[in-house]
Number of protein chains: 2
Amino acid sequence: MNQYDKAMSAAEQQCAQSGSRLTEKRKHILSGLLKSEKALSAYELVDFCKNEYNESIPAMSVYRILDFLQSERLVHKLSTANKYVACSHITCKHEHEVPQFLICSECQHVEEIGISKSLIETLQKNAKKVGFELVSPQLEINAICHTCLDKT
Amino acid sequence: MNQYDKAMSAAEQQCAQSGSRLTEKRKHILSGLLKSEKALSAYELVDFCKNEYNESIPAMSVYRILDFLQSERLVHKLSTANKYVACSHITCKHEHEVPQFLICSECQHVEEIGISKSLIETLQKNAKKVGFELVSPQLEINAICHTCLDKT
DNA sequence: TATGATATGATACAACATAACATTTTTGGG
DNA sequence: CCCAAAAATGTTATGTTGTATCATATCATA
């Protein structure tokens, strides 16, 4: 079974477990994110569904579906880009770590990595110094991927 | 001289040094950010100029002025919030560090702190592992400030 | 099959942002 | 001092992201 199918079936499982439904439309949106190299905007997902499935989903519904997928921890929102990505760890069993996203400023390619406990502790300590408590931090860092670096 | 005046005069100096002009309108926008507890959107700055100076600046101009102020390193954009803040270190002489912003999810209060060399190195190393080079990273972390924590 | 809960549709609009072109203001050389 | 070039700002239109509200459809089950 390839990565895409694995992710889809893991998503099914996740929803079954939480007693929610992974409907056709929700699957289509998730599939768009899984198949894409880049993070996609809600409106790009509207286009994807039109092109791939000849299905017209209103933007409103896409936003709702994205909210649902985020609540199931299947999708992340990149707030710096106003775009969405499938969680890279859908197929993992272990608890999700605090996610960190590296976003290529050139090609928009995104890598999701975990943050080590010690790094989080450092961030927490620094935050505390100025009177803040981290809640559910998520790091988004703009960088350049090696593919794009090599091109220049 | 109070903090506000210090910041303004440091901004003047900075612009003089780089051979650019800190016009009235640019000063007004910067003053809005300096006086505000929170990060402000471009449109909130339009309102500020109307209220404070009875001056109607089109949104377009505010965006241009914000671009200018950012290029002079007097202002930062918080991409997660689509809002803008005055740099906390306008009055410092030393080189600007990579900035990190703690943003209160409740009251929108923002604290800017520097990131230690060692923390940056760690981030850099982690990025490299997945094929990315940091360029000019900026961390934005959503958290809760103690004032808001105490309220609940 | 009726009922309530969940999911989706339709319409309108708010908030953030930029493109393209026009006008005004500033500045420095003749 | 005046003119030309450069810089700053104005005007208008439009693009992009996101939400509010109310209507309708679909599903799960008693």
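Chain A is the first sequence line, chain B the second, and so forth, proteins listed ahead of strands; every chain is numbered from 1. Worth saying up front: this structure is predicted, and the values here are computed from it rather than measured.
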**OP:** Would you kindly give the CG-to-C1' distance between B:Leu45 and C:dC16, to the nearest whole Å?
**Re:** 13 Å
**OP:** Please work out if A:Ser20 contacts a base, only the sugar-phosphate, or nothing of the nucleic acid, heavy-atom cut-off 4.0 Å.
**Re:** nothing
Original post:
Charged N to carboxylate O under 4.0 angstrom, B:Glu44 versus B:Lys38?
Top reply: no
Original post:
What heavy-atom pair brings A:Leu22 and A:Lys27 nearest, and what distance separates the two atoms?
Top reply: O-CE, 3.6 Å
Subject >> Lys/Arg N to Asp/Glu carboxylate O, A:Lys117 vs A:Glu97, below 4.0 Å >> reply: no
Original post:
Between A:Tyr53 and A:His28, how do the two ring planes meet: parallel, tilted or perpendicular, split at 30° and 60°?
Top reply: parallel
Original post:
Just checking B:Pro58: base, sugar-phosphate only, or nothing, at a heavy-atom cut-off of under 4.0 Å?
Top reply: base
Original post:
Does a side-chain N-to-carboxylate-O contact under 4.0 Å join A:Lys50 and A:Glu55?
Top reply: no
Original post:
What integer distance in Å separates A:Glu24:CD from D:dT26:P?
Top reply: 14 Å
Original post:
Side-chain N or O of A:Arg64 less than 4.0 angstrom from OP1 or OP2 on C:dT6?
Top reply: no
Subject >> Any strand: nucleotide that pairs with D:dT21 via Watson-Crick or wobble, under 3.5 Å >> reply: C:dA10
**OP:** Please state whether the phosphate of C:dA17, meaning OP1 or OP2, lies under 4.0 angstrom from any side-chain nitrogen or oxygen of B:Tyr63.
**Re:** yes
Original post:
Expressed in angstrom and rounded to an integer, what is the separation of A:His28 atom NE2 from C:dT8 atom C1'?
Top reply: 14 Å
Original post:
Considering only D:dG10, C:dA17, D:dT9, which nucleotide approaches the side chain of B:Thr23 most closely?
Top reply: D:dT9
**OP:** Would you kindly check whether a donor in the side chain of A:Tyr43 faces an acceptor in the base of D:dG18, or vice versa, at under 3.5 angstrom?
**Re:** yes
Original post:
Do the side-chain N or O atoms of A:Tyr84 get closer than 4.0 angstrom to the phosphate oxygens (OP1, OP2) of D:dG18?
Top reply: yes
**OP:** Examine C:dA7: is either OP1 or OP2 under 4.0 Å from a nitrogen or oxygen in the side chain of A:Lys27? Give yes or no.
**Re:** no
**OP:** Verify the contact: side-chain N or O of A:Lys83 to OP1 or OP2 of D:dT16, cut-off strictly under 4.0 Å; return yes or no.
**Re:** no
Original post:
To the nearest Å, how far apart are A:Lys25 NZ and D:dT24 P?
Top reply: 18 Å
Original post:
Tell me: NZ of B:Lys77 to P of C:dC16, nearest whole Å?
Top reply: 10 Å
Subject >> First encountered from the 5' end of DNA chain C, between B:Glu44 and B:Arg21 >> reply: B:Glu44
Original post:
Between C:dT8 atom C1' and A:Leu66 atom CG, what is the distance in whole Å?
Top reply: 14 Å
Original post:
Is the distance from OP1 or OP2 of D:dT17 to the nearest side-chain N or O of A:Ser41 less than 4.0 Å?
Top reply: yes
Subject >> Spacing between B:Phe68 atom CZ and D:dA8 atom P, to the nearest angstrom >> reply: 7 Å
Original post:
B:Met60 side chain: which of C:dA10, D:dT9, C:dT18 is closest?
Top reply: C:dT18
**OP:** Check step by step if side-chain hydrogen bond (donor to acceptor under 3.5 Å, both in side chains) holds for A:Ser20 and A:Glu72.
**Re:** CA-CA 9 Å; A:Ser20 59; A:Glu72 294 292 331; 2.8 Å; yes
**OP:** Find the distance A:Leu40:CG to D:dG18:P and express it as a whole number of Å.
**Re:** 13 Å
Subject >> Given D:dT9, D:dG18, D:dT11, the nucleotide with the shortest approach to the side chain of B:Ile65 >> reply: D:dT9
**OP:** State whether B:Asn82 places a side-chain N or O below 4.0 Å from either non-bridging phosphate oxygen (OP1 or OP2) of C:dA15.
**Re:** no
